[in-house]
Amino acid sequence: MKTLKIRDLTLRDGQQSAFATRMTQAQVDRVLKHYKNAHFYAMEVWGGAVPDSVMRYLGENPWDRLEKIHKEIGKVSKLTALSRGRNLFGYQPYPDTIIEGFCKESIGSGLGIMRIFDALNDTDNIASTIKYVKQYGGIADCAVCYTVDPKYPEGGFFARLLKKAPKPVFTDEYFLEKVKQMVALGADMITIKDMSGLIPPKRVYDLVTLFKQHTKVPIDFHTHCTPGYGLASVVSAIAAGVDIVDTNIWNFAGGPAAPALELVWVFARKLGVKIDVDMKAVADINRELASIREELSEFDAVKGTAVSFDPLAPLPADIEALFDKAVEAAKEVDEDALVEACHRIEARFGFPPPNELVKNAEIPGGMYTNMVAQLKQLGNEEILPRAMELIPPVRLDAGLPPLVTPTSQIVGAQAVNCAMDEKNGKPLYTTKSVQFVNLVKGEYGKTPVPVDPAFREKITGSPVETNYDTSKHVMQPNPILECTGKPLAENEKEVLLLELFPLVAKDFLTKSKCAKAEAEKAKAAPVAENSAPEATPISGNTITAPLPGKILEFLVKAGDEVTENTDTFVLEAMKMENTITAETTGRVKRLLFNVGDNVPANAAVIELE
């Protein structure tokens with residue numbers, strides 16, 4: 001009997017998809033003793049948004065999380081993390097010294113498998129991580145990002161934005177070639193990474209079959225349930241002979257997350273496939289997750305709880321019939337019947353229905369929610385349809401990147417910028433993020449189709465493609481903290497946090513170290529409160545923030561002369577860096593905010609005279 005391995009996503013992708021990555025270490029600790037008994041092949045516990053979120057929102061050290069989980073789990077399950085290849089967790093390419101240090105420290109802290117992907121499927125960008133993961137004793141899991149060719153608008157204004165639409169790019173042959181390149185680089189396993197949940201059952205069946213015909217390494221399948229294919233596609237992948245599937249435990253499954261293990265377990269049994277997971281231990285984890293879900297209710301993206309289900313108990317006759325119908329459809333590769341049966345099963349247990357908007361738009365759910373949040377901050381939700389319609393031409397202009405972090409955010413934010421430009425009577429691409437400029441320039445790597453040199457010149461000032469040059473990388477400053485008299489980052493792991501998350505790590509390390517120093521003082525002098533001086537009213541013209549965000553850098557100072565289109569400050573909004581230009585001439589009278597300040601949309605940031 002074939003054995004199917006399970007990678008549990010609950011503590012990373014599950015909580016990130018459904019609860020905005022807000023699980024505290026204390027909540028994680030409550031389930032670890034049960035995980036030790038469950039005997040999953042692997043547990044995804046790190047990477048993705050976890051390191052950023054635990055510092056930003058929870059005030060916790062991400063290295064501590066990885067090490068504490070490893071101490072409890074030991075060698076029972078392999079711990080896995082998600083990494084963006086040369087970009088690691090950030091939005092810039094890092095030199096090999098940073099990549100090596102990160103791999104060394106991660107594996108030394110207990111990581112067993114590194115899932116490595118590149119947002120452009122540019123295999124050159126994952127070569128170094130593969131090398132160092134294997135060098136330090138880890139397993140290199142290389143993920144090919146599944147995506148689809150966009151649906152280009154037909155007729156009207158938006159059709160005129162497009163050049164001639166290219167022939168289909170993301171074919172079976174395209175994906176197989178990427179897999180072959182990854183195996184040649186040393187991949188120990190391959191993941192079909194369907195971050196948007198867009199792969200239908202027939203397509204994943206064909207891809208799994210194709211990959212297994214041409215490679216010897218294990219094949220893993222990762223998907224999400226948002227558009228409604230998730231469970232059916234996992235069942236189809238199992239029928240095709242996939243080696244590993246990614247699942248979540250019941251209370252953290254479905255909707256924007258991966259399918260429920262409990263449903264997959266029933267399907268596997270009916271397909272004659274064995275899963276070596278202790279389902280009684282899984283039930284213990286699930287009971288704890290139910291209370292944790294209540295504690296995280298303010299972050300719950302689903303706002304509904306699936307009814308309880310014991311996969312070890314006899315199935316009701318009507319449910320048994322639906323499972324049997326789905327299994328028969330999977331064996332016959334009858335996509336419509338399989339999807340319909342799986343939808344009925346999920347509805348019977350109270351899982352969210354398919355998100356038709358995301359399905360029809362063919363974009364990741366997270367990309368959609370980011371765009372909604374950005375427009376809500378701007379008070380312009382009504383232009384969402386226009387921004388959605390701009391995604392295909394913006395994506396094509398940028399070289400047709402797959403829509404996965406960070407390119408999904410880059411393209412989505414730029415579509416919103418273009419929609420706002422149009423609303424304000426400005427040419428498209430008047431407002432553009434630093435990341436979009438760098439993507440078009442070529443600094444993220446090779447795009448699936450070449451960028452038009454004329455468009456590159458319009459966006460970057462030069463028609464010439466410019467690849468990243470990591471030899472010019474400048475390490476983040478590591479100042480001496482006044483509160484401790486020691487460097488902000490005191491060891492290699494803290495240096496890596498500063499490199500990968502400059503603003504968040506600086507704030508986290510400063511607060512945590514100074515709080516500890518203050519607590520250790522025998523006595524502390526009370527701090528006198530100074531009354532704030534009256535604000536001087538603004539009398540001249542101003543340069544405003546077009547988006548709500550954080551000021552990263554001022555490019556001008558008091559006394560500088562600015563003219564129209566002078567770069568004046570850099571604003572971080574929705575994780576994108578936007579260079580804000582002047583729209584008038586004048587002399588800088590004063591800067592109205594400080595670096596690091598958060599500003600609302602349309603706030604006056606610089607006063608001119």
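Side chains of Arg115 and Ser83: a donor-acceptor N/O pair is absent below 3.5 angstrom, by distance only. For Tyr429 and Asn417, the side-chain atoms include no donor-acceptor pair closer than 3.5 Å. In this structure, a donor-acceptor pair under 3.5 Å is present between the side chains of Thr223 and Asp194.
Checked by atom type and distance alone, the side chain of Asp8 never pairs as donor or acceptor with a backbone atom of Met43 at under 3.5 Å. Checked by atom type and distance alone, the side chain of Trp63 pairs as donor or acceptor with a backbone atom of Lys493 at under 3.5 Å. Proximity of a side-chain donor or acceptor of Gln16 to a complementary backbone N or O of Ala49 within less than 3.5 Å is detected. Of the possible donor and acceptor atoms, one in the side chain of Asn478 sits under 3.5 Å from a partner among the backbone N and O of Ala489. Distance alone, capped at 3.5 Å, places no donor-acceptor pair between the His473 side chain and the Pro95 backbone. Remark: the backbone N or O of Val245 is not paired with any side-chain donor or acceptor of Arg7 at under 3.5 angstrom. Asn248 contributes no side-chain N or O that, together with a main-chain N or O of Pro259, makes up a donor-acceptor pair within less than 3.5 Å. Counting only distance, with no hydrogens or angles, the side chain of Asp118 and the backbone of Gly85 share no donor-acceptor pair below 3.5 Å. In this structure a side-chain-to-backbone donor-acceptor pair under 3.5 Å is present from Ser77 to Phe40. A donor-acceptor contact shorter than 3.5 Å links the side chain of Gln15 to the backbone of Arg22.
Counting heavy atoms of neighbouring residues, nucleotides and ligands inside a 6.0 Å radius, atom NZ of Lys506 does not exceed 12 of them. Taking a 6.0 Å sphere around NZ of Lys2, one finds it holds more than 12 heavy atoms contributed by other residues, nucleotides or ligands. Atom NZ of Lys212 is surrounded by more than 12 heavy atoms from other residues, nucleotides or ligands within 6.0 Å.
For Ala140 against Gly186, the heavy-atom pair with the smallest separation is CB-O, 4.4 Å. Closest non-hydrogen pair, His39 versus Val277, comes out as O-CG2, 4.2 Å. For the residue pair Tyr229 and Gly197, the shortest heavy atom distance occurs at CD1-O, 3.6 Å. Residue Phe455 comes nearest to Val451 through the heavy atom pair CD2-CG1, 4.1 Å, listed as atom of the first residue, atom of the second, then distance. For the pair Ser433 and Phe436, the tightest heavy-atom approach, listed with the atom from each and the gap, is OG-N, 2.9 Å. Considering every non-hydrogen atom in both His224 and Asp13, the closest pair reads CE1-OD2, 3.1 Å.
Atom OG1 of Thr171 and atom CG of Leu176 lie 9.5 Å apart (nearest 0.5 Å). The CG atom of Leu9 lies 10.5 Å from the CG atom of Leu261; values are rounded to the nearest 0.5 Å. Taken from CD1 in Ile116 to OG1 in Thr129, the straight-line distance is 5.5 Å, to the nearest 0.5 Å. Taking SG of Cys145 as the start and NE2 of His222 as the end, the distance is 9.5 Å to the nearest 0.5 Å. The structure places CD of Gln181 at 4.0 Å from OG1 of Thr123, a figure rounded to the nearest 0.5 Å. Distance CD1/Ile391 to CD1/Ile363: 4.0 Å, rounded to 0.5 Å.
Salt bridge present: Arg203 and Asp172 bring a charged side-chain N and a carboxylate O closer than 4.0 Å. In summary, Arg456 and Asp452 do not engage in a salt bridge, as defined by a charged side-chain N under 4.0 Å from a carboxylate O. Under the 4.0 Å criterion applied to side-chain N and carboxylate O atoms, Lys131 and Glu100 are not assigned as salt-bridge partners. Under 4.0 Å is where a charged nitrogen must lie from a carboxylate oxygen, and between Asp149 and Lys167 no such pair does. Asp96 has a carboxylate O that lies under 4.0 Å from a charged side-chain N of Arg86, or vice versa, which qualifies the two as a salt bridge. Salt-bridge formation is not detected for the pair Glu492/Lys104: no Lys NZ or Arg NE/NH1/NH2 atom is positioned less than 4.0 Å from an Asp or Glu carboxylate oxygen. Ion pairing between a basic and an acidic side chain is recognised when a charged N comes within 4.0 Å of a carboxylate O; Asp122 and Lys178 show no such pairing.
A distance of 6.0 Å or more separates the ring centres of Tyr444 and Tyr468. For Phe102 and Tyr94, the ring centers sit 6.0 Å or farther from each other. In summary, the aromatic rings of Phe175 and Phe211 are positioned with their centroids too far apart to meet the 6.0 Å limit. Annotation: Phe508 is not in aromatic contact with Phe501 [ring centroid separation under 6.0 Å not met].
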Criterion salt bridge (charged side-chain N to carboxylate O under 4.0 Å, His left out) on Glu494 and Lys513, from CA distance to verdict = CA-CA 12 Å; Glu494 291 178 348; Lys513 289 172 182 282; 3.2 Å; yes
request  = Mind running side chain to side chain contact (heavy atoms under 4.5 Å, CB included) on Ile275 and Thr3 for me, showing each step along the way?
outcome  = CA-CA 6 Å; Ile275 293 179; Thr3 298; over 6 Å; no
request  = Might you work through the side chain to side chain contact (heavy atoms under 4.5 Å, CB included) test for Asp220 and Ile190, ending with a clear yes or no?
outcome  = CA-CA 6 Å; Asp220 189 326; Ile190 293 292; over 6 Å; no
task = Check step by step if side chain to side chain contact (heavy atoms under 4.5 Å, CB included) holds for Thr80 and Val45.
result = CA-CA 6 Å; Thr80 83; Val45 298; over 6 Å; no
request  = Before giving the answer on side chain to side chain contact (heavy atoms under 4.5 Å, CB included), spell out for Lys134 and Asp188 the whole-Å C-alpha distance, their side-chain angles and the decisive distance to 0.1 Å.
outcome  = CA-CA 9 Å; Lys134 294 170 74 74; Asp188 297 307; 2.8 Å; yes
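Contact annotation: the side chain of Thr10 approaches that of Tyr35 to within less than 4.5 Å [non-hydrogen atoms, C-beta and beyond]. The side-chain heavy atoms of Leu198 and Thr147, taken from C-beta on, include no pair separated by under 4.5 Å. Counting heavy atoms from C-beta on, the side chains of Thr579 and Leu555 come closer than 4.5 Å. Side chains of Glu443 and Asn467 form no contact here, defined as non-hydrogen atoms less than 4.5 Å apart. Residues Thr484 and Leu481 form a side-chain contact, since some pair of their non-hydrogen atoms from C-beta on lies under 4.5 Å apart. Within the 4.5 Å cutoff, the side chain of Ile139 has no heavy atoms near those of the Met114 side chain. The side-chain heavy atoms of Val208 and Val204, taken from C-beta on, include a pair separated by under 4.5 Å. You'll find the side chain of Val242 reaches within 4.5 Å of the side chain of Leu4, heavy atoms only.
When the options Leu207, Ile238, Ile199, Thr191 are evaluated for a side-chain contact (heavy atoms from CB on, under 4.5 Å) with Phe221, the one that passes is Ile199. A salt bridge (Lys or Arg N to Asp or Glu O under 4.0 Å) with Glu60 is found for exactly one of Arg65, Lys68, Lys511, namely Arg65.
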